[in-house]
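Notes follow once the structure below has been shown.
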Amino acid sequence: MPKSLLEKLYTPTNLTKAWKQLNKSNRSSHGLSSMTIENFGRNFDSHRRRIRKELREGAFKFSKVRAKVLTQKKPSGEIKRRPIRVSEIQDRVVQRAIANIIEPILRKKYQLRNIASFAYLEERDIRKALIRMVTLYKKGNPVVLEADIKNYFGTVNKDNLLKEMIFPALPDVSLNGLIEQALNQEIGNFHEIEQGDWELFLDTGIPQGGGLSPLFANVYLNEFDKEMLAAGYGLVRYADDFIVVCKCEKEAVRAHEKSIDILEKRLGLELHELSTNGAGKTRIVRFTQVNFEFLGIRFDGKHLYPGKKTSKNLETRIREITEFGDDRSLLDVLSELKFTVEGWIAAHCYTKMEEYLPKIEDNLNLRLCGCAHRMGWIKKDGLLSTRQRKFSGLPCLVNYLNDRRKNFTAEELSVFKDNFAV
């Protein structure tokens with residue numbers, strides 16, 4: 001007799017796989033309790049046995065979550081506030097384990113790996129989304145509809161999602177209760193949230209940052225993908241961020257009207273109003289006429305560049321790493337700087353970024369020299385000497401960039417060749 005979905009969920013293999021898949025970059029991350037990722041990992045085998053027993057006996061319950069508000073300053077000066085629900089580590093493991101079981105079923109049912117969708121899918125990423133964008137542009141599509149869905153995760157119709165899309169696609173009902181629980185975890189620290197931010201958490205959608213939300217976000221927008229592609233539009237979607245690459249303004253207007261029909265009238269979502277001057281969140285522009293950015297990358301019709309925000313984020317991160325208390329060693333600082341800078345270059349190596357490297361190098365040397373001086377490792381503040389820079393262990397940025405580019409596929413070389421000399 002075939003196993004139920006629940007029986008597949010609590011196998012040791014699936015629970016271990018789910019644990020390995022969790023993002024562990026922040027080892028001190030925790031829910032309402034003091035159980036951090038680091039502490040959970042030290043006793044993973046015992047936690048896995050307990051979780052497995054509770055799931056098998058129907059006793060497992062998702063805990064209340066820790067709410068927090070992330071702030072982001074827009075270039076316009078506007079402060080965007082984003083609500084996040086932080087689950088207990090064991091809850092993250094179980095949600096990831098559920099996703100492992102149902103994702104192949106939903107992927108096949110809804111053809112989630114369509115040519116327009118790039119977020120939360122294996123072997124799909126921002127780089128692949130940009131390949132599609134640039135390829136469409138080079139085929140004679142100089143106009144783009146850039147659209148923004150208002151509070152997407154918070155406005156998804158959760159009842160329709162579960163009852164009309166998720167549950168009917170599953171072969172049995174053994175996980176239905178756990179899935180409903182996962183999407184309806186209560187907040188346990190409302191008293192710590194500023195009263196003005198309470199409304200950020202009073203929505204009926206799916207929790208941003210939840211273990212099942214990425215998968216369900218793609219399922220909910222599957223109808224949009226299918227209909228836009230069937231109508232012949234050059235859709236490129238990364239979660240709730242999407243553009244439509246078009247031949248002319250008239251086609252872009254029709255694409256916008258089609259998007260409204262599907263997203264607003266059928267799915268109950270809302271787009272920001274179409275801007276008439278090309279300055280709003282939903283707009284129709286030509287790539288060559290504006291500083292167009294998509295997914296943190298600027299495109300001018302020929303070259304791709306790291307966006308202003310992502311460049312500023314690197315500068316901020318370098319400052320944060322080098323401004324620390326007495327509880328960290330210089331080795332810790334150097335290791336984290338190396339990881340951060342290499343990661344940033346790897347993520348943007350297909351862009352025209354050579355002009356950015358001298359500024360990054362100078363900022364890195366200045367910050368690191370100040371840090372080492374405060375710790376008493378070097379006598380003079382200012383910039384690192386050539387010898388000190390060499391022995392820091394940090395990579396030569398130009399060399400590291402060139403090394404990353406050696407791994408490009410033939411498709412990437414073909415599409416991105418204008419951004420660098422091969």
Side-chain angles (χ1 to χ4, degrees), residues 99-141 143-149 152-153 155-157 160-162 164-171 205-206 208 210-247 251-252 254-269 271 282 294-297 299 350 409-412 414-416:
N100 287 342
I101 297 303
I102 67 175
E103 191 272 340
I105 301 169
L106 297 175
R107 183 181 64 217
K108 182 177 180 180
K109 167 73 174 177
Y110 293 108
Q111 299 179 338
L112 297 182
R113 292 183 65 84
N114 64 67
I115 62 171
S117 180
F118 294 91
Y120 316 132
L121 295 167
E122 190 175 357
E123 298 182 355
R124 297 283 184 96
D125 55 17
I126 289 176
R127 191 183 307 190
K128 294 290 177 61
L130 294 171
I131 286 177
R132 175 164 166 80
M133 178 189 76
V134 174
T135 301
L136 287 168
Y137 171 80
K138 289 183 175 181
K139 288 181 177 180
N141 298 283
V143 177
V144 60
L145 164 66
E146 181 184 10
D148 187 83
I149 302 174
Y152 171 62
F153 286 89
T155 55
V156 166
N157 188 315
N160 287 351
L161 169 70
L162 293 178
E164 298 181 13
M165 302 176 189
I166 305 299
F167 293 159
L170 302 181
I206 55 179
Q208 195 162 356
L212 292 171
S213 296
L215 172 61
F216 289 175
N218 277 338
V219 171
Y220 199 73
L221 288 175
N222 173 70
E223 180 181 354
F224 174 66
D225 292 349
K226 286 171 58 177
E227 294 211 20
M228 293 294 286
L229 292 173
Y233 290 115
L235 175 68
V236 187
R237 183 177 65 79
Y238 196 91
D240 55 326
D241 290 326
F242 74 89
I243 60 174
V244 185
V245 186
C246 304
K247 290 182 174 62
E251 182 184 355
R254 291 195 298 270
H256 178 256
E257 292 171 348
K258 183 76 171 176
S259 300
I260 291 289
D261 181 62
I262 302 168
L263 295 173
E264 296 194 354
K265 296 179 182 178
R266 283 188 257 168
L267 295 179
L269 303 170
L271 289 179
T282 297
F294 180 52
L295 305 178
I297 301 297
F299 181 54
Y350 55 89
T409 65
E411 180 186 37
E412 290 171 335
S414 174
V415 174
F416 297 136

Practice problem: List the steps and the verdict of side-chain contact (heavy atoms from CB on, under 4.5 Å) for Gln208 and Ser213. | Solution: CA-CA 7 Å; Gln208 195 162 356; Ser213 296; over 6 Å; no
Practice problem: Indicate yes or no for a side-chain donor-acceptor contact from Arg237 to the backbone of Ala129 under 3.5 Å, with no hydrogens or angles considered. | Solution: no
Quiz prompt | Met165 versus Tyr110, closest heavy-atom pair with distance | solution = O-OH, 2.5 Å
Quiz item: Which heavy-atom pair separates Ala255 from Cys246 by the least distance, and what is that distance?
Solution: CB-SG, 4.4 Å
Quiz prompt | Expected output: side-chain Asp148 to main-chain Asp241 donor-acceptor under 3.5 Å | solution = no
Quiz item: Hey, does the side chain of Tyr233 reach the backbone of Ala252 with a donor-acceptor pair shorter than 3.5 angstrom?
Solution: no
Quiz item: Parallel, tilted or perpendicular: which describes the rings of Tyr137 and Phe299, with under 30° parallel and over 60° perpendicular?
Solution: perpendicular
Quiz item: Got a donor-acceptor contact below 3.5 angstrom from the Tyr350 side chain to the Ile131 backbone?
Solution: no
Practice problem: Take Leu271 and Ser259, measure what side-chain contact (heavy atoms from CB on, under 4.5 Å) needs, and give me the verdict at the end. | Solution: CA-CA 9 Å; Leu271 289 179; Ser259 300; 4.2 Å; yes
Exercise. Return yes if some donor-acceptor pair links the side-chain N/O of Tyr152 with the main-chain N/O of Ala217 below 3.5 Å, else return no.
Key: yes
Exercise. For residues Ala169 and Ile105, report the shortest heavy-atom separation together with the two atoms involved.
Key: O-CG2, 3.4 Å
Practice problem: For Leu267 and Asn157, run side-chain contact (heavy atoms from CB on, under 4.5 Å): C-alpha distance rounded to whole Å, both residues' side-chain angles, the deciding distance at 0.1 Å, then the answer. | Solution: CA-CA 8 Å; Leu267 295 179; Asn157 188 315; over 6 Å; no
Quiz prompt | Sequence neighbours excluded, every pair satisfying salt bridge (Lys or Arg N to Asp or Glu O under 4.0 Å) that has a member inside residues 107-129 | solution = Glu103-Arg107, Arg127-Glu412
Quiz item: What's the shortest heavy-atom distance between Leu112 and Leu121, and which atoms?
Solution: O-CD1, 3.6 Å
Quiz item: When rounded to the nearest 0.5 angstrom, what is the spacing between CG in Leu145 and NE2 in His256?
Solution: 6.5 Å
Quiz prompt | Distance in Å, Ser117 OG paired with Lys226 NZ, rounded so as to fall on 0.5 Å steps | solution = 13.5 Å
Quiz item: Quick one: does Val244's side chain get under 4.5 Å of Phe242's, heavy atoms only?
Solution: yes
Self-check item: CD (Glu264) with more than 12 external heavy atoms under 6.0 Å
Solution: yes
Quiz prompt | Heavy-atom closest pair, residues Ile149 and Leu269 | solution = CG2-CB, 4.2 Å
Exercise. For residues Phe294 and Tyr238, establish whether the separation of their ring centroids is below 6.0 Å.
Key: no
Self-check item: Non-hydrogen atoms of Ala99 and Gly211 that approach each other most closely
Solution: CB-O, 4.4 Å
Quiz item: Leu106 and Leu215: side-chain contact (heavy atoms from CB on, under 4.5 Å), yes or no, with the steps?
Solution: CA-CA 9 Å; Leu106 297 175; Leu215 172 61; 3.8 Å; yes
